[in-house]
Protein chains: 2
Amino acid sequence: MNIKEASEKTGVSSAAIRYYEKESLIPPIDRTAVGNRDIDDRIIRRITFVTQMRAAGMSIENLRRYIELFDAQEDNTKEQKSLLQEQLSVMEEKRDDLQAAIDHLNYKLNHFYDHMETTEEELRELERQHADKVAQKTTEDSDESNNAY
Amino acid sequence: MNIKEASEKTGVSSAAIRYYEKESLIPPIDRTAVGNRDIDDRIIRRITFVTQMRAAGMSIENLRRYIELFDAQEDNTKEQKSLLQEQLSVMEEKRDDLQAAIDHLNYKLNHFYDHMETTEEELRELERQHADKVAQKTTEDSDESNNAY
DNA sequence: TTAAACCTTCATGTGTACTTCAAGGCAAGC
DNA sequence: GCTTGCCTTGAAGTACACATGAAGGTTTAA
């Protein structure tokens with residue numbers, strides 16, 4: 001598959017794919033006889049992984065370091081696991097922050113005033129609701145949002 | 001409160017606060033007799049809101065348009081609501097993408113091989129797990145992660 | 001009264017993550 | 001044989017979101 005097809009398949013621009021290869025976010029790509037990139041499914045999966053991590057807010061630099069460790073020949077399973085664990089924590093915190101922002105907007109939508117400033121009382125109620133939510137994790141699917149999770 | 005205190009209170013740099021004011025992400029800030037910014041809790045809340053939306057991935061430009069509509073004198077409650085709804089959808093999708101990436105990493109962590117490439121079979125299993133998760137929303141708190149929500 | 005520690009505006013610099021441009025090569029169809 | 005459409009590398013340009021620097025003002029403390 002040439003770079004254009006790979007671009008269409010992944011939604012990542014050709015230039016970005018070249019850039020990712022140069023930055024070692026994906027492995028060196030095989031070339032055809034005339035020097036064109038010949039992209040296989042392994043590369044496609046790596047591009048998809050990079051896209052996912054980028055969307056999760058990981059910088060190119062961190063992602064490069066990250067991948068470097070995983071691609072190394074040495075068996076550094078321990079470090080790899082703790083690195084994964086670390087990244088997972090970051091992403092979970094990010095997800096929770098995002099959820100808090102979603103709750104905030106949902107609150108605004110449900111208690112709609114004529115301006116968007118959140119008052120002290122509203123903030124206190126939000127905090128209360130948040131505490132409730134964390135406390136009684138049993139009572140899921142309360143009423144407000146169409147949560148997918 | 002002066003800009004430095006506001007900066008410490010919000011975790012946003014003084015330069016960024018000035019920038020936000022210039023870009024109308026926060027309302028015009030009152031000045032003291034000598035021309036220094038005098039920041040009150042209303043501004044602090046707005047800065048916090050901006051921070052939250054920025055962390056949720058909203059660009060300065062979109063945030064500006066967004067806030068503009070809310071601050072307008074006219075009663076455009078309908079448009080405001082649909083704008084909120086729209087932004088909520090974007091954020092929920094982002095959260096779900098993030099969750100998918102978290103699931104992916106969790107999977108890697110639990111089925112640890114000597115490299116990080118996800119195979120076709122693994123991807124298929126991930127998809128299957130995801131389908132399960134969506135299907136039986138009742139069986140919450142499965143086993144894998146320390147979800148806050 | 002002079003230094004420290006704040007502040008102001010305006011202009012310019014910076015890092016990230018690409019995008020775009022320039023110059024050229026290969027293969028197919030007219 | 002020439003245009004079209006793909007590709008290559010390398011260099012330079014761009015957008016965003018601030019950070020930093022210059023030049024100057026005010027207040028407090030020694």
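Note on naming: letters A, B, ... go to the chains in the order of the sequence lines (proteins, then strands), and numbering restarts at 1 for each one.
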**Student:** Could you pull out the protein-nucleic contacts involving nucleotides 26-28 of chain D (nitrogen or oxygen on both sides, under 3.5 Å)?
**Tutor:**
none

**Student:** What residues form a side-chain hydrogen bond (donor to acceptor under 3.5 Å, both in side chains) with R54(B), not counting sequence neighbours?
**Tutor:**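 Residues passing side-chain hydrogen bond (donor to acceptor under 3.5 Å, both in side chains) with R54(B): none at all.
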**Student:** Using the side-chain hydrogen bond (donor to acceptor under 3.5 Å, both in side chains) criterion, which residues pair with E21(A)? Sequence neighbours excluded.
**Tutor:**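 For E21(A), the residues satisfying side-chain hydrogen bond (donor to acceptor under 3.5 Å, both in side chains) (neighbours in sequence not counted) are R31(A), R37(A).
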**Student:** Which residues pass the salt bridge (charged side-chain N to carboxylate O under 4.0 Å, His left out) test with E5(B), not counting sequence neighbours?
**Tutor:**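 E5(B): no salt bridge (charged side-chain N to carboxylate O under 4.0 Å, His left out) contacts found.
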**Student:** How would you list, by chain and number, every residue that makes a side chain to side chain contact (heavy atoms under 4.5 Å, CB included) with S14(B), sequence neighbours excluded?
**Tutor:**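 S14(B) satisfies side chain to side chain contact (heavy atoms under 4.5 Å, CB included) with I3(B), S7(B), R18(B) once adjacent residues are dropped.
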**Student:** Identify the heavy atoms of I26(A) and R46(A) that sit nearest to each other, and give their distance.
**Tutor:**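 Closest heavy-atom pair between I26(A) and R46(A): CG2-CB, 3.9 Å.
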**Student:** Mind checking what makes side chain to side chain contact (heavy atoms under 4.5 Å, CB included) contact with A6(B), not counting sequence neighbours?
**Tutor:**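 Residues passing side chain to side chain contact (heavy atoms under 4.5 Å, CB included) with A6(B): M1(B), I17(B), I39(B), I44(B).
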**Student:** Measure the spacing between CD1 of I102(B) and NZ of K94(A) and express it to the nearest 0.5 Å.
**Tutor:**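 Result: 11.0 Å between the selected atoms.
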**Student:** Let me know the distance between CD of E21(B) and C1' of dC18(D), rounded to the nearest Å.
**Tutor:**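 Rounded to whole Å, this separation is 16 Å.
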**Student:** Roughly, in whole Å, what's the span from CZ in R31(A) to P in dC7(D)?
**Tutor:**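 Result: 12 Å.
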**Student:** Check every nucleotide of DNA chain C for an atom under 4.0 Å from a heavy-atom of chain B, then give the first and the last such nucleotide from 5' to 3'.
**Tutor:**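 Nucleotide range in contact with chain B: dC6(C) to dT9(C).
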**Student:** Looking at E93(B), I'd like to know if its CD atom is crowded, meaning that more than 12 non-hydrogen atoms belonging to other residues, nucleotides or ligands lie closer than 6.0 Å.
**Tutor:**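 Open.
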**Student:** Check side-chain hydrogen bond (donor to acceptor under 3.5 Å, both in side chains) between E68(B) and all other residues, then give those that pass, not counting sequence neighbours.
**Tutor:**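 Once residues adjacent in sequence are excluded, the partners of E68(B) under the side-chain hydrogen bond (donor to acceptor under 3.5 Å, both in side chains) criterion are R64(B).
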**Student:** Polar atom pairs between nucleotides 1-6 of chain D and protein, under 3.5 Å, N or O only, would you list them?
**Tutor:**
from: dC6(D); atom 1: OP1; to: K4(A); atom 2: NZ; distance (Å): 3.2

**Student:** Please state whether the rings of H104(B) and F49(A) are parallel, tilted or perpendicular, taking 30° and 60° as the class boundaries.
**Tutor:**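 Perpendicular: the ring planes of H104(B) and F49(A) meet at over 60°.
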**Student:** The criterion is side chain to side chain contact (heavy atoms under 4.5 Å, CB included); which residues satisfy it with S89(B), sequence neighbours excluded?
**Tutor:**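 If we apply the side chain to side chain contact (heavy atoms under 4.5 Å, CB included) test to S89(B), skipping adjacent residues, there are no hits.
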**Student:** Return the set of residues passing side chain to side chain contact (heavy atoms under 4.5 Å, CB included) with D30(A) (not counting sequence neighbours), or none when no residue passes.
**Tutor:**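 Applying side chain to side chain contact (heavy atoms under 4.5 Å, CB included) to D30(A) gives none.
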**Student:** Closest approach of I67(B) and L25(B), non-hydrogen atoms and distance?
**Tutor:**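 Minimum heavy-atom separation between I67(B) and L25(B): CD1-O, 3.2 Å.
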**Student:** Within residues 7-20 of chain A, which residues have any heavy atom lying less than 4.0 Å from an atom of DNA chain C?
**Tutor:**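 Correct list: S13(A), A15(A), A16(A), Y19(A), Y20(A).
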